[in-house]
Amino acid sequence: MEFDKRKHKVILSLGTNLGDRNKNLSRVLILLQNRVGDLLKQSSLFETQAWGSHDLLPFLNQVVSFSTALSPKAVLRESQHIEKLMGRSNQSKGGKNYQNRLIDIDILFYDDAVIKEEELKIPHALLHKRNFVLVPLVEIEPNCFHPVLQKTVKELLEQSSDFTEVKKYQKL
């Protein structure tokens, strides 16, 4: 793993729509704390219809922030490793087709970095188009500033053209 003496803030989006969704999110938080850094904040759980396809099961989504000494690429590697540990297959990551998934971890922000590489784009390229990301993100970091779009995430949510319903999840 790559380490830096300075601490960085990384914001991640978590999603799951297979199996015991609550358990999946609880487990991924433990693994992230063991492999990425210290949990700073976590949003409520939100349930949404799958984005990009109406044929998929509903998702539970959450946004979390961590303090980390890892580089952005190391956070990506650790996130992908955790996805594999939890049973996610390689074929469902990065494809054009949307699929049901046991766990999905996306890097939304890493400090105020702007990275545009083939395998890593920070800020996440679609975060401003996805209410299932924006709603929980605004809950924990409303003034988080998007360095490319030059707006806060609260402003991005207010201007969003995504009409997908995002509702707080209540355990039965």
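Positions are given from 1, in the same order as the sequence printed here. As the structure is a computational prediction, the values presented were derived from the model and not from experiment. When reading the values below, keep in mind they use all heavy atoms of this one structure, side chains included, and skip hydrogens, waters and symmetry mates.
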For residues 120-129, please give each side-chain donor-acceptor pair under 3.5 Å, one per line with the distance, not counting sequence neighbours.
| from | atom 1 | to | atom 2 | distance (Å) |
| --- | --- | --- | --- | --- |
| Lys121 | NZ | Glu117 | O | 2.9 |
| Lys121 | NZ | Glu118 | O | 3.4 |
| His124 | ND1 | Leu126 | N | 3.0 |

Please tell me if the side chains of Asp104 and Glu83 come closer than 4.5 Å, counting only heavy atoms from C-beta onward.
yes
Across all chains, not counting sequence neighbours, the salt bridge (Lys or Arg N to Asp or Glu O under 4.0 Å) partners of Glu47 are Arg21
To the closest 0.5 Å, what do you measure between CG (Leu137) and OG (Ser65)?
9.5 Å
With Leu45 as partner, the option from Thr16, Asn61, Leu14, Leu25 fulfilling side chain to side chain contact (heavy atoms under 4.5 Å, CB included) is Leu25
Answer whether the closest heavy-atom distance between the side chains of Phe132 and Gln49 falls below 4.5 Å.
no
Ignoring hydrogens and angles, state whether a donor on the side chain of Asp162 or Thr164 is under 3.5 Å from an acceptor on the partner side chain.
yes
Partner of Leu76 by side chain to side chain contact (heavy atoms under 4.5 Å, CB included), out of Ile105, Ile115, Ile107:
Ile107
Can you tell me which residue pairs pass the ring-ring contact (aromatic ring centres under 6.0 Å, His included) test with a partner in residues 133-162, sequence neighbours excluded?
Phe109-His146
Kindly work out whether a path of hydrophobic side-chain contacts (I/L/V/M/F/W/Y, heavy atoms less than 4.5 Å apart) joins Val75 to Ile103.
yes
Any sub-3.5 Å donor-acceptor pair from Asp20's side-chain atoms to Asn22's backbone N or O?
yes
Under 3.5 Å, side chain of Ser67 to main-chain N/O of Asp38, donor-acceptor pair present?
no
With sequence neighbours left out, write down each residue that passes side-chain contact (heavy atoms from CB on, under 4.5 Å) with Gln33, or none if nothing qualifies.
Leu29, Leu39, Phe66
Residue pairs fulfilling salt bridge (Lys or Arg N to Asp or Glu O under 4.0 Å) with at least one residue in residues 138-154, sequence neighbours excluded
Lys9-Glu141, Lys41-Glu141, Glu139-Lys168
Working note: Phe46 + Val63, criterion side chain to side chain contact (heavy atoms under 4.5 Å, CB included); need CA distance, chi angles, decisive distance, verdict.
CA-CA 10 Å; Phe46 291 88; Val63 170; over 6 Å; no
Shortest non-hydrogen contact between Val133 and Ser13, atoms and distance
CG2-OG, 3.7 Å
With heavy-atom distances below 4.5 Å as the criterion, would you say the side chains of Asn24 and Val28 are in contact?
no
Nearest 0.5 Å, what's the OG-CD distance between Ser44 and Gln170?
8.5 Å
Any chain of hydrophobic side-chain contacts (each under 4.5 Å) joining Phe59 to Ile82?
no
May I ask you to list the residues sharing a hydrophobic cluster with Leu18, side-chain cutoff 4.5 Å, ordered by chain and number?
Leu57, Leu102
Roughly how far, to the nearest 0.5 Å, is CD of Gln150 from CD of Glu155?
10.5 Å
Spacing of CG belonging to Leu134 relative to CZ belonging to Arg130, to within rounding of 0.5 Å:
10.5 Å
Shortest non-hydrogen contact between Tyr110 and Leu70, atoms and distance
OH-O, 2.6 Å
Does any non-hydrogen side-chain atom of Val10 lie less than 4.5 Å from one of His8?
no
